[in-house]
Amino acid sequence: MRVYFDYNATTPLSPEVLDALIGTSRDIFGNASSVHHFGQQAKAALDQARSALATLLNADPSEIVFTAGGTESDNFAIRGAADALEPTGRRHLVASAIEHEAVLNTLKALARRGWRTTLIPLTASGIVDPERVRAAVTDETALVSVMHANNEIGTIQPIAEIAAIAHERGALMHTDAVQSAGKIPVDVRALGVDLLSLSAHKFNGPKGAGILWVKRGTRMQPILTGGKHERSRRAGTENVPAIAGMGVAAAQARTKMTAEGARVGALRDRLEAGILREVPGTQVNGSREHRVPNTTNVSFDRVEAETLLIALDLEGIAVSTGSACSSGTLEPSHVLRAMGLPAPRTQSSLRFSLGLFSTEAEVDRVIAVLPQLVEKLRGLARKPAHAGR
Ligand code: PLP
């Protein structure tokens, strides 16, 4: 049995999304900007997807800008707002220390252009304290960017409170909802944000498709210049099949959210309880109350996380040591560090993220395999280096 518990890295396509991808690729090849029948067919497919995404987010379809995924959406949000607001004298950006690299490295790029940036540290439970945001935001802040749910530990951030603080100072508020959209309700009006990123491949849609939701009236500069696509906000011929697939994924996520959230949440809880019970020296990282239902991040005392990950992979079980982008680097997780966890714990933590095709049998397999693996690795670590030679 192969077990895939790395849904936060990416998800398999749902059968209906695959049908939409194949059907659209085969039947709709027109350029959505063309006035003739073929173009209008493609435009209709885009409009349908736009409506599905708007419904998922309680947004207006005109506010949806299609992108090539979460990374582009985050870049567009930050660079687009920065470029639009620079002439007003606002040259300061605020973000949490646990943002995805798509946000953190974009801030670094702007810092090299002379922007001031402030990263907000975390509480031990992996939640951003709004009061620390209040202390950081000034009348020169252009944008505050705090993710809705964290990719490594799953914690859900108090976005509405933080957005209100940003707005008090006249700053824009962006949230990276890549790990929450499709898993928990994401209502742009209730969150009170101006900009929101999501990515289709995190909720059983295709890779390379995402959106930036831009609240009507928000001043933004495009980061891709060219034709007048997407109301002149994002140039380039749209990837119609991927966008159609994303639309189907959004519609499915919305209808299944309550039932799937409960099902996956129960599986995650079973897995977590099983690990804590069967493997001594384990702890859950981050708040267990305020988090998405599919994620748990567990540290295994005296075990090198990368070694355990490989041992699990040899057993056919796929998990992660953190964000996919930084795995393989042996860098301790910036998220766990920002929570103030001691180094040994940051280096011994694994993320288990479940999803649409996860089953109880898979959970039980992981619980059955882990104790012996961990015991073996701890035993090896105890042996002196020359032993056995
Ligand atoms: N933001 C978060 C929180 C993510 O988890 C990811 C993906 O790992 C991204 C952004 C980047 O999204 P994409 O892979 O669509 O570029």
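Treat the numbers as computed from the prediction; the structure is a model and nothing was measured. We count ligands from 1, going down the list as the structure has it; atoms in each ligand are counted the same way.
- At a 3.5 angstrom cut-off on N or O pairs, Thr71 counts as close to ligand 1.
- Polar contact check, Val178 against ligand 1: no nitrogen or oxygen pair lies under 3.5 Å apart.
- Every atom of ligand 1 with a heavy atom of Met147 under 4.0 Å away is listed here by number and element: 3 (C).
- Looking at Glu72 next to ligand 1, no N or O pair under 3.5 Å apart turns up.
- Residue Asn151 has at least one heavy-atom neighbour below 4.0 Å for each of these atoms of ligand 1: 3 (C), 5 (O).
- Among residues at least two apart or in separate chains, there is no ring pair (Phe, Tyr, Trp, His ring centres under 6.0 Å) pair with a member in residues 46-95.
- Clustering of Ile, Leu, Val, Met, Phe, Trp and Tyr side chains at separations under 4.5 Å places Phe29 together with Phe38.
- Heavy-atom proximity to His201, at under 4.0 Å, picks out these atoms of ligand 1: 13 (P), 14 (O), 15 (O).
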Show your reasoning for whether side chain to side chain contact (heavy atoms under 4.5 Å, CB included) applies to Met220 and Leu195. CA-CA 10 Å; Met220 291 289 280; Leu195 302 158; 3.9 Å; yes
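- Within the 4.5 Å cutoff, the side chain of Val128 has heavy atoms near those of the Val133 side chain.
- For ligand 1, the atoms lying closer than 4.0 Å to a non-hydrogen atom of Asp74 are 1 (N), 10 (C).
- Taking every heavy atom of Ser199 and a limit of under 4.0 angstrom, the matching atoms of ligand 1 come to 13 (P), 15 (O).
- The contact set between ligand 1 and Gln179, taken as ligand atoms under 4.0 Å from a residue heavy atom, comprises 3 (C), 4 (C), 5 (O).
- Heavy atoms of Glu99 found under 4.0 angstrom from ligand 1: none, in either backbone or side chain.
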Tell me, with the steps shown, if Arg270 and Glu360 meet salt bridge (charged side-chain N to carboxylate O under 4.0 Å, His left out). CA-CA 8 Å; Arg270 181 184 178 93; Glu360 204 168 279; 3.8 Å; yes
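- Close approach of ligand 1 to Gly69 (heavy-atom distance below 4.0 Å) involves ligand atoms 15 (O).
- Side-chain atoms of Arg351 come within 3.5 Å of backbone N or O of Asn151 as a donor-acceptor pair.
- Looking at Arg263, its side chain does come within 3.5 Å of a backbone N or O of Ser358 through a donor-acceptor pair.
- Taking a 4.0 Å cut-off on heavy atoms, Lys202 registers as neighbouring ligand 1.
- Asn31 and Lys43 share no side-chain donor-acceptor pair at under 3.5 Å.
- Of the candidates Leu198, Thr10, Asp176, the one placing a heavy atom closest to atom 2 (C) of ligand 1 is Asp176.
- The side-chain heavy atoms of Leu191 and Asp187, taken from C-beta on, include no pair separated by under 4.5 Å.
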